[in-house]
Colleague: 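Sharing a structure here in structure tokens format.
In each ligand, atom 1 is the first atom listed, and ligand 1 is the first ligand listed.
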Amino acid sequence: MAPSVSVLTQTEEPSVQFTKANLKTENGTAADAVEDYNGNYKFAHIEEAQVSRAMIKRYFNTMYERAVSDVVIIGAGSAGLSCAYHLGKTRPELKITIIEANVAPGGGAWLGGQLMTPMVVRKPAHRFLEELGVPFEDEGPFVVVKHAALFTSTILSKVLAMPNIVMMNATAVEDLIIREDFQGRQRVSGVVTNWTLVALNHDTQSCMDPNVITAPVIITATGHDGPMGAFSAKRMVSTGLLKELGNMRGLDMNRSEPAIVNGTREVVPGLIMAGMELSEHDGANRMGPTFGGMMGSGIKAAVEAIRIFET
Ligand code: 48N
């Protein structure tokens, strides 16, 4: 005889009695939990379905609610995160949604250069480290953070703690929504997304259709390398919004960092480009293992987004 299974109610408390398997369900309470490191450590009881429902309810409610965002930031590298921090702090009423292709956000900012851990930041970008509370050693014209991960983990924790910011990692932007605006111009009006593992495997299955998120402002900071580097810049070329890529030029720290910060802008209506993706778009020099330009570019992208909302 099949075990008598009653339908799970919509609440999180399980109401299933598997009489045949003689499994008794119970509703755990916090009072059951005992933090005792002398051999009597006890967790409050949980039913497996409660874990699934706790995740599913939150994640898919977020997807539903953020289908219409105010700002989408593509890429959670040092530029994207610096933008999210400044925008999220300055305009807490804006619904900001970060889409990051990797499971682990942070882009190239987990190491300083050639897999070495210290991170160099040239002044005046060190002021951003002071604002974040990231300690550094002062070397005069630049400062050194003892481990790049100290910057990246700090800014990630602050960005993710902001109530108006949502991050969807392991999710790729695989196209842009481009529509005609009231002035008859082609305007970027949102992003087309898919799980990254799907986006990277379109050739292995037929027709794994994507999802969409609409927003009046898209900020793209997808970097210059990696499996999807300079994504939006390349898509602009393939959709005819940009004649050709400028292609990143050789390393010149003193030219590249101010060029990237000052050049951060709305490259087509609705699309602001920041970080190393801009070097591919504009043909700017690269700066190599110094990150002040990324922080400044991210903040400039936030300033440009605020300007759009204020006009
Ligand atoms: O760190 P990156 O690659 O990019 P930036 O611009 O934030 O920082 C660049 C910086 O790390 C350098 O390259 C340094 C300064 N070196 C310069 C040099 O001369 O070598 O972060 C981009 C992020 C990554 O996390 C990617 O996973 C993500 O963007 N990404 C995407 N996320 C969603 N959808 C996509 N299509 C996509 N493409 C990339």
Colleague: Which of the atoms of ligand 1 are close to G223, meaning less than 4.0 Å from one of its heavy atoms?
Modeller: 3 (O), 4 (O), 6 (O), 22 (C)
Colleague: Kindly work out whether a path of hydrophobic side-chain contacts (I/L/V/M/F/W/Y, heavy atoms less than 4.5 Å apart) joins V192 to I178.
Modeller: no
Colleague: Using a 4.0 Å heavy-atom cut-off, which part of H224 comes near ligand 1: side chain, backbone, both, or neither?
Modeller: side chain
Colleague: Which atoms from ligand 1 have a heavy atom of A221 less than 4.0 Å away?
Modeller: 22 (C), 23 (C), 29 (O)
Colleague: Less than 4.0 angstrom from a charged side-chain N to a carboxylate O is my criterion; do R286 and D225 meet it?
Modeller: no
Colleague: Of all the atoms in ligand 1, which lie at a distance below 4.0 Å from a heavy atom belonging to I99?
Modeller: 32 (N), 33 (C)
Colleague: Just go through G288, A274, P289 and tell me whose heavy atom is the nearest to atom 14 (C) of ligand 1.
Modeller: G288
Colleague: When you measure from the side chain of D181 to the backbone N and O of Q183, does any donor-acceptor pair fall under 3.5 Å?
Modeller: yes
Colleague: Return yes or no for this condition: an N or O of A172 is under 3.5 Å from an N or O of ligand 1.
Modeller: no
Colleague: Give yes if a backbone or side-chain nitrogen or oxygen of E277 is under 3.5 Å from a nitrogen or oxygen of ligand 1, and no if not.
Modeller: no
Colleague: Say whether G226 and ligand 1 are in contact under the criterion: heavy-atom distance to a ligand atom below 4.0 Å.
Modeller: no
Colleague: Find all atoms of ligand 1 within a distance of less than 4.0 Å from any non-hydrogen atom belonging to V173, and give their numbers and elements.
Modeller: 33 (C), 34 (N), 35 (C), 36 (N)
Colleague: Heavy atoms only, cut-off 4.0 Å: how does M294 contact ligand 1, side chain, backbone, both, or neither?
Modeller: side chain
Colleague: Polar-atom distance check: G106 versus ligand 1, any N or O pair below 3.5 Å?
Modeller: no
Colleague: Is it the side chain, the backbone, both or neither of A101 that has a heavy atom closer than 4.0 Å to ligand 1?
Modeller: both
Colleague: In this structure, is the centre-to-centre distance between the rings of F151 and F136 below 6.0 Å?
Modeller: no
Colleague: What are the two closest non-hydrogen atoms of K243 and V237, and how far apart are they?
Modeller: O-CG1, 4.0 Å
Colleague: Against ligand 1, does T290 come closer than 4.0 Å with any heavy atom?
Modeller: yes
Colleague: Considering non-hydrogen atoms only, spot the tightest contact between A233 and L242 and give its length.
Modeller: O-CD2, 4.1 Å
Colleague: Using 4.0 Å as the upper bound for N to carboxylate O, is an ion pair formed by E304 and K300?
Modeller: yes
Colleague: Using 30° and 60° as the class limits, which term best fits the ring planes of Y59 and W195: parallel, tilted or perpendicular?
Modeller: tilted
Colleague: Check each atom of ligand 1 against the heavy atoms of F291 and keep those under 4.0 Å away; list them by number with element.
Modeller: 11 (O)
Colleague: Where does T196 meet ligand 1, judged by heavy-atom distances below 4.0 Å: at the side chain, the backbone, both, or neither?
Modeller: neither
Colleague: Is the Y41-Y37 ring centre distance short of 6.0 angstrom?
Modeller: yes
Colleague: I need the atoms of ligand 1 closer than 4.0 Å to a non-hydrogen atom of M287, numbered in the order shown.
Modeller: 15 (C), 17 (C), 19 (O)
Colleague: Of all residues at least two apart in sequence or in a different chain, which pass the side-chain contact (heavy atoms from CB on, under 4.5 Å) check with T196?
Modeller: A101, A172, L200, M228
